[in-house]
Amino acid sequence: MRFDPWNPDFVASPYAVYDELRREAPVSFFEPTGQWLIARHADVNALLRDRRLGRSYLHLATHEEFGREPEPDFQEPFWRVIRAGMLDVEPPVHTRLRRLVSKAFTPRMVESMRPRVRAIVEGLVDDFVEKGGGDLIAEVAEPLPVTVIAEMLGVPDADRHLLRPWSADICGMYELNPSQEAQHTAVRAASEFSDYLKGLARARRAAPGEDLISALAQIEELTEDELVGTCVLLLNAGHEATVNVTGNGWWSLFRNPSELVRLREDLSLLPTAVEELMRYDTPLQMFERWVLEDIEVGGVSIPKGVEIALLFGSANRDPEVFDRPDTLDVGRADNPHISFGAGIHFCLGAPLARIELVESFGALLRRAPDIALVEEPEWNPGYIIRGLRSLDVSCG
Ligand code: HEM
């Protein structure tokens with residue numbers, strides 16, 4: 001098999017192809033997307049921190065000046081929302097936006113949310129175990145982070161069902177060469193989500209609550225687009241990957257039963273286990289960067305104006321960095337995985353994601369000691385955001 005992000009067999013198991021890329025072609029041109037694929041941990045890690053690359057080039061040049069086609073007009077509502085969030089801007093705008101929200105995500109702030117996260121987990125896991133199991137993704141993995149981030153932002157209970165479909169539709173645009181239909185769906189979702197958040201922010205400006213949207217709505221230097229872009233980013237980033245770490249993680253444990261037993265018998269391993277599950281089957285397989293100045297990677301010259309694709313899933317299995325990289329080791333002590341990124345865009349939500357994951361794996365291991373897989377799961381078609389469609393399990 002070759003690198004083929006549209007092939008379901010590759011998506012189901014990309015790791016043998018990554019091994020070959022790291023060995024034979026660690027920096028290689030991928031014709032179908034016109035990107036350079038970067039497969040080794042050292043290169044991915046260094047490039048994430050390299051300021052000659054950017055998530056965007058629009059702080060330096062127009063599309064035309066950078067030699068790229070502008071996006072079609074119909075996509076404007078999508079990019080308006082996405083490019084107003086910190087993930088798609090570079091300094092100085094990035095620095096300003098990140099500073100405004102980072103206060104809400106410090107390890108101390110987030111630690112104070114642990115009791116609430118635990119209570120949400122326990123409610124979900126109790127219901128799940130009581131009915132003997134079901135789809136772990138739909139019934140536990142999704143509602144947990146969606147509820148946490150929605151509560152944090154202050155999205156009313158009655159509207160929460162809207163968040164997941166909007167987010168999933170928006171994420172359709174992030175896959176490689178999305179279809180026309182996926183593009184239109186993403187644009188529509190971005191417009192609806194944006195209108196919804198504008199309404200909510202106006203209401204909160206008039207009558208503030210204790211939530212993050214109320215706090216952001218009071219900040220005068222934040223434009224309406226930036227406020228909406230920030231909330232969409234937090235709501236999307238705040239749950240998509242966590243869902244997939246939970247699903248992929250349980251699937252990894254079921255395929256490595258001795259590690260599942262080891263973890264169940266020693267729950268003090270939960271923090272290292274969560275890091276290892278994120279490394280072993282990385283939920284976000286690839287992140288892209290624009291080359292803003294000519295660079296050289298592993299002896300290969302890459303010119304300004306092209307895009308590189310950093311293969312996180314490959315970096316996380318690099319034998320140069322990880323001892324026995326293809327072995328799941330829930331006690332792995334030295335684990336510099338790259339699943340939360342690195343450099344200025346390092347995941348703002350990492351401390352929160354870690355709490356959610358430790359609490360949810362812990363609750364299921366305690367409350368469902370005989371949890372077992374009912375049938376082999378299928379993968380969603382997406383490669384960049386890679387996760388299972390469902391995970392049917394029985395508990396008792
Ligand atoms: C296991 C779960 C998660 C994973 C694997 C993950 C992964 C990542 C990665 C790789 C990036 C950097 C992307 C890049 O450099 O191009 C990122 C950025 C970000 N993540 Fe997460 N994330 C997770 C959970 C969360 C949560 C729970 C939140 C918020 C509540 C969050 C909020 C963000 C934000 C705001 C950024 C942008 C930071 C910036 O541009 O400065 N993430 N995440």
Side-chain angles (χ1 to χ4, degrees), residues 38 44-45 47-51 53-56 82-107 109-110 113 117 141-142 144-153 155 163 167 171 174 212 216 226 229-249 271 273-290 307-313 315-316 337-361 384-387:
I38 313 290
V44 172
N45 189 30
L47 291 169
L48 281 169
R49 299 160 196 272
D50 191 327
R51 303 302 312 285
L53 300 154
R55 289 231 7 141
S56 171
I82 300 306
R83 292 202 176 115
M86 75 184 87
L87 185 55
D88 282 271
V89 289
E90 292 295 312
V93 180
H94 172 266
T95 323
R96 179 172 62 83
L97 290 179
R98 185 156 172 138
R99 183 174 45 78
L100 292 175
V101 258
S102 58
K103 281 189 225 100
F105 288 93
T106 58
M109 270 302 286
V110 170
M113 292 165 63
V117 172
E142 282 178 4
L144 168 64
V146 173
T147 308
V148 171
I149 193 70
E151 279 189 5
M152 196 175 175
L153 277 146
V155 174
L163 302 176
S167 171
C171 288
Y174 293 131
L212 192 52
L216 294 173
E226 286 172 345
T230 300
C231 294
V232 168
L233 172 64
L234 290 173
L235 287 162
N236 288 0
H239 79 273
E240 287 290 345
T242 319
V243 173
N244 289 334
V245 176
T246 313
N248 301 5
V274 161
E275 300 303 311
E276 176 68 345
L277 294 169
M278 268 192 281
R279 178 197 75 81
Y280 184 75
D281 210 3
T282 310
L284 302 164
Q285 287 281 321
M286 167 199 280
F287 276 95
E288 294 148 324
R289 289 290 188 271
W290 290 102
E307 206 176 20
I308 59 169
L310 306 169
L311 303 181
F312 280 28
N316 281 341
H337 70 73
I338 217 126
S339 301
F340 285 124
I344 63 166
H345 292 287
F346 178 82
C347 179
L348 183 68
L352 178 59
R354 287 179 162 129
I355 287 178
E356 292 176 349
L357 291 164
V358 164
E359 293 298 327
S360 90
F361 277 93
I384 292 192
I385 300 175
R386 178 168 167 278

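Whatever order the structure lists ligands and atoms in, that order sets their numbers, starting from 1.
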For [X], which part has a heavy atom under 4.0 Å from ligand 1: side chain, backbone, both, or neither?
X: Val245; result: side chain
X: Met152; result: neither
X: Arg55; result: side chain
X: Phe287; result: side chain

Pull out every atom of ligand 1 sitting under 4.0 Å from any heavy atom of [X], numbered as shown with elements.
X: Phe105; result: 29 (C), 30 (C)
X: Ala353; result: 1 (C), 2 (C), 24 (C)
X: Gly238; result: 26 (C), 27 (C), 28 (C), 29 (C), 30 (C)
X: Ile149; result: 30 (C)
X: Leu352; result: 30 (C)
X: Leu284; result: 6 (C), 7 (C)
X: Ile344; result: 41 (O)
X: Phe312; result: 10 (C)

Find the distance between [atom1] ([X]) and [atom2] ([Y]) and round it off to the nearest 0.5 Å.
X: Ile384; Y: Gln285; atom1: CD1; atom2: CD; value: 10.0 Å
X: Asn45; Y: His337; atom1: CG; atom2: NE2; value: 12.0 Å
X: Leu216; Y: Leu100; atom1: CG; atom2: CG; value: 7.5 Å

To which protein heavy atom is [atom] closest, and what is the distance rounded to 0.1 Å?
atom: atom 36 (C) of ligand 1; answer: Leu348 N, 4.0 Å
atom: atom 8 (C) of ligand 1; answer: Cys347 CB, 3.6 Å
atom: atom 33 (C) of ligand 1; answer: Ala237 CB, 3.7 Å
atom: atom 15 (O) of ligand 1; answer: Arg289 NH2, 2.6 Å
atom: atom 37 (C) of ligand 1; answer: Leu87 CD1, 3.8 Å

If you measure every N or O of [X] against every N or O of ligand 1, does any of those distances drop under 3.5 Å?
X: Arg98; value: yes
X: His345; value: yes
X: His94; value: yes

The one among Pro145, Ser339, Gly85 that brings a heavy atom closest to atom 10 (C) of ligand 1: Ser339
Answer yes or no: is there a side-chain heavy-atom contact under 4.5 Å between Ile355 and Met113?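 No, their side chains stay 4.5 Å or more apart.
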Can you find a pair of side-chain heavy atoms, one from Leu284 and one from Ser339, that are under 4.5 Å apart?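 They are not in contact (no side-chain heavy atoms under 4.5 Å apart), so the answer is no.
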Regarding Asp281 and Arg386, does a basic nitrogen lie under 4.0 Å from an acidic carboxylate oxygen?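 Here Asp281 pairs with Arg386 in a salt bridge, since their nearest N and O are under 4.0 Å apart.
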Any salt bridge linking Asp88 with Arg55? Criterion: basic side-chain nitrogen under 4.0 Å from a carboxylate oxygen. yes
Any donor-acceptor pair under 3.5 Å linking the side chain of [X] with the backbone of [Y]?
X: Ser102; Y: Arg98; answer: yes
X: Ser167; Y: Leu163; answer: no
X: Asn248; Y: Leu277; answer: no
X: Thr106; Y: Met109; answer: yes

Which atom names give the shortest non-hydrogen contact between His94 and Ile344, and what distance separates them? CE1-O, 3.1 Å
Decide whether Glu90 and His345 meet the rule of one side-chain donor and one side-chain acceptor closer than 3.5 Å. yes
